[in-house]
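As a basis for the values below, the full set of heavy atoms in this structure was taken, side chains included, without hydrogen atoms, waters or symmetry mates. Just so you know, these numbers come straight off a predicted model, no measurement behind them. So that the names make sense, note that chain A is the first sequence line, chain B the second, and so on, each numbered from 1.
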Amino acid sequence: MTESYIPTLREVPAEAELISHQYMLRAGLIRKSAAGIYTYLPLGLRVLHKIMNIIREEMNKAGGQEILLPIMQPAELWHETGRWDDYGEEMFKLADRNQRQFCLGPTHEEIVTALVRIDVRSYKQLPIRLYQIQNKYRDEIRPRFGVIRGREFIMKDLYSFDRDEAGLEKSYQLMYDAYSRIFSRCGLQTCPVEADSGAIGGDTTHEFMVLGDAGEALIVYCQDCDYAANVEQAECLYQKPEKAALHPLKEIPTPNVSTIEELTAYLDISPSRFIKTMIFLADNKPIAVLIGGNHKINEIKLQKAVNCTKLELADPATIETVTNAPVGYAGPVGLQIPIIVDYSAAGIVNGISGANKEDTHLANINFERDYIPTKVVDIREAQAGDPCVRCGGTLQTARGTEVGQVFKLGTKYSIPLEAKFLDENGKEKPLIMGCYGIGVSRTMAAIIEQHHDEDGICWPVSVAPYQTVIVPVNYEDEKQRQTADHLYKLLTESGIETVLDDRKERAGVKFKDADLIGYPIRITIGPRQLKEGNVEITVRESKEQIVVPVAEVHNQLLTLLS
RNA sequence: CGGGGCGUAGCGCAGUUUGGCUAGCGCGCCUGCCUUGGGAGCAGGAGGCCGGAGGUUCAAAUCCUCUCGCCCCGACCA
């Protein structure tokens, strides 16, 4: 260890907020090079390799074949699928000396499809499942949480090519199952959730979430069945309108009261009685969006509902032009722009919304009587307490970090890139694709989030950088040194990954570092036990200690590590 | 990109409001002594273009302008 590069830090670097980020820096696993870009130090790299090997084993078992695609990719391919522009600012773009355009691959669908179209001609060659473990580059708006959202990160991505939907279904299921095994072998508890496919595309997709408060994603899950979904995707049920007599419209003065929160307090009426009217710009054209006052708009669902490529909240000037009133007093009655109505708003009888007039709201607004909806759709964000779309049970929310995602892509890439094959009837067909990613570097952080205590990391044996650390209390002591050297040699030769802390440090320092780094097993060699020919074995996670004769250490370890 | 904050020794920070002598503290690092079961003690030491550029001033870590970087919240995203 005196010759190892394991620089631990006593103090928490100011930049790190998440536990996993702090421990990765302190335990000497990573060092930052720029925002969202990290160097892996020897211990960090060992963990990474452990995770990669688990992934490789499971991918190979599931019919995957490893390849290595280029990081630098020509722009032409991305133009063919339209993603050169669609991916937008998030892509690192560069030009060579002749001004040919390239990007640093944020993902590899284009290039792998272009590969397969060269060589695959016949249904007899299918299915094909190719994967790689490779760096990805995404110019994130905001890199954060250390390695969890980096601009350079390591991903395993597998692409499946099948002849038909049934084949895709099989590939998808194989990957789904492999992912469950991979994460469980890494010691991670994950929860697969239905998700939105974002810039990758396709219809069916699941994300594998590591649950925890630090997670960036919000998910909903059903208490009564196994339904779980990212809120980006989670559907909400249509609610039947209340049955009540319709009252005539009535203006109510609301001076300087415009937010739902203020209105609730000012009028002493529950938020669910309000119809929130928001003005958006969909491809730069204003639309009004109506939603129940106690709900939030899910912009992803909204964007799909209005089928636009750019969606943003309207600026105050636009709102004033459209509603003839300052921000905060928009309502559906009399609006001359398309009105998109969420289920939650459509069901409100005698609702309250803005009057399109400064300092005024309108009461007793009713669907179809007072405004004609352009569309009635599900565009709200699911929330705790909602009924489950599957079984009607009650939904709960939780936070999660996404460590993997599986997509059914279909022909989104094979058609524009003309990746085709001949079926047994000699008919030309596009390949049916799926893609399956695991954030490898992020997985490492997620494991720490789930396996740590106040002293440091508690690595699961399967991914620990080393399984065992030998700590002689005083390595200068002749007897201790002999025992330590003997055990180190014995264990190493028997295939147990072992570190010998031969540093000239006081025992406390060595213990602290061992706990911080999180070796699953520590063997302590001290004068007290050594007098009797014994050493102490400590299990990091449980802190359980046993005293064993030197001769039995090896056997004990085999038991503890299995 | 909007809002907030921070750049001073490897790490954590003080000093900046109110300009003023050689820029400090803790940890870490080096040497020696001592110590050796949970981040010891004593003594000595090395280490700074005070993020960068320009300006104001007799004088700038400190004031002004510009710039670069980093962190947090949001929008966006895996």
Winner on side-chain proximity to A:R10, out of B:rG28, B:rG37, B:rG12, is B:rG28
Closest to the A:E299 side chain: B:rC76, B:rG37, B:rC70? B:rC76
Over how many whole Å does the gap from A:I6 atom CD1 to B:rG28 atom P extend? 19 Å
Expressed as a whole number of angstroms, how long is the span from A:D501:CG to B:rG39:P? 15 Å
Hey, is CD on A:Q189 packed in by over 12 heavy atoms from elsewhere, all under 6.0 Å? no
Which nucleotide in B:rG74, B:rG37, B:rU36 has an atom nearest any side-chain atom of A:I141: B:rG74
Base of B:rG37 paired with side chain of A:E536 (donor-acceptor, under 3.5 Å): yes
Any donor-acceptor pair, under 3.5 Å, between the side chain of A:D515 and the base of B:rG38, if you only look at N and O atoms? yes
Please pick, from B:rC71, B:rG12, B:rC72, the nucleotide with the shortest atom-to-atom distance to any side-chain atom of A:R142. B:rC72
Rounded off to whole Å, could you give me the CG-to-P distance for the A:D196 and B:rC76 pair? 12 Å
Spacing between A:E17 atom CD and B:rC70 atom P, to the nearest angstrom: 17 Å
Atom CZ of A:F511 to atom P of B:rG39: distance rounded to whole Å? 10 Å
Base, sugar-phosphate alone, or nothing: which one does A:V471 contact when heavy atoms must sit under 4.0 Å apart? nothing
Using heavy-atom distances to pick each residue's nearest nucleotide on RNA chain B, tell me which of A:T8 and A:E15 is more 5'. A:T8
With no angle test and no hydrogens, is the base of B:rG28 tied to the side chain of A:E11 by a donor-acceptor pair under 3.5 Å? no
A:E216/A:R144 ion pair, N-O < 4.0 Å: yes
Is it the case that A:R151 places NZ or CZ above or below the six-membered ring of A:Y137, under 6.0 angstrom from the centre and within 45 degrees of the axis? no
Does B:rC71 have OP1 or OP2 under 4.0 Å away from a side-chain N or O of A:K32? yes
Roughly how many Å apart are B:rG41 and B:rU36, using the C1' atom of each and rounding to a whole number? 12 Å
Report yes if a donor N or O on one partner sits less than 3.5 Å from an acceptor N or O on the other, where the partners are the side chain of A:R26 and the base of B:rG39; otherwise report no. yes
Could you state the atom-to-atom distance from CG of A:L516 to C1' of B:rG38 in whole Å? 13 Å
Cation over ring face, A:K93 and A:W84, 6.0 Å, 45°: yes
B:rG74 versus B:rC49 - spacing of their P atoms, nearest Å: 36 Å
Nearest-neighbour nucleotide for the A:R144 side chain, B:rC70, B:rC73, B:rA40 considered: B:rC73
Measure from the side chain of A:R522, starting at C-beta and using heavy atoms only, and say which of B:rG38, B:rA75, B:rG37 lies closest. B:rG38
Gap between atoms CD and C1', on A:E232 and B:rA75 respectively (whole Å): 13 Å
Under 6.0 Å from the ring centre and within 45 degrees of the ring axis: does the NZ or CZ of A:K408 meet both conditions for the six-membered ring of A:Y172? yes
Taking atom P in both B:rU22 and B:rG54, compute the distance separating them and give it to the nearest angstrom. 23 Å
Measure the acute angle between the ring planes of A:H206 and A:Y176, then classify it against the limits of 30° and 60° as parallel, tilted or perpendicular. perpendicular
Does A:R503 make a side-chain donor-acceptor contact with the base of B:rG39, cut-off 3.5 Å? no
What is the distance from CG of A:L218 to C1' of B:rC76, rounded to the nearest Å? 16 Å
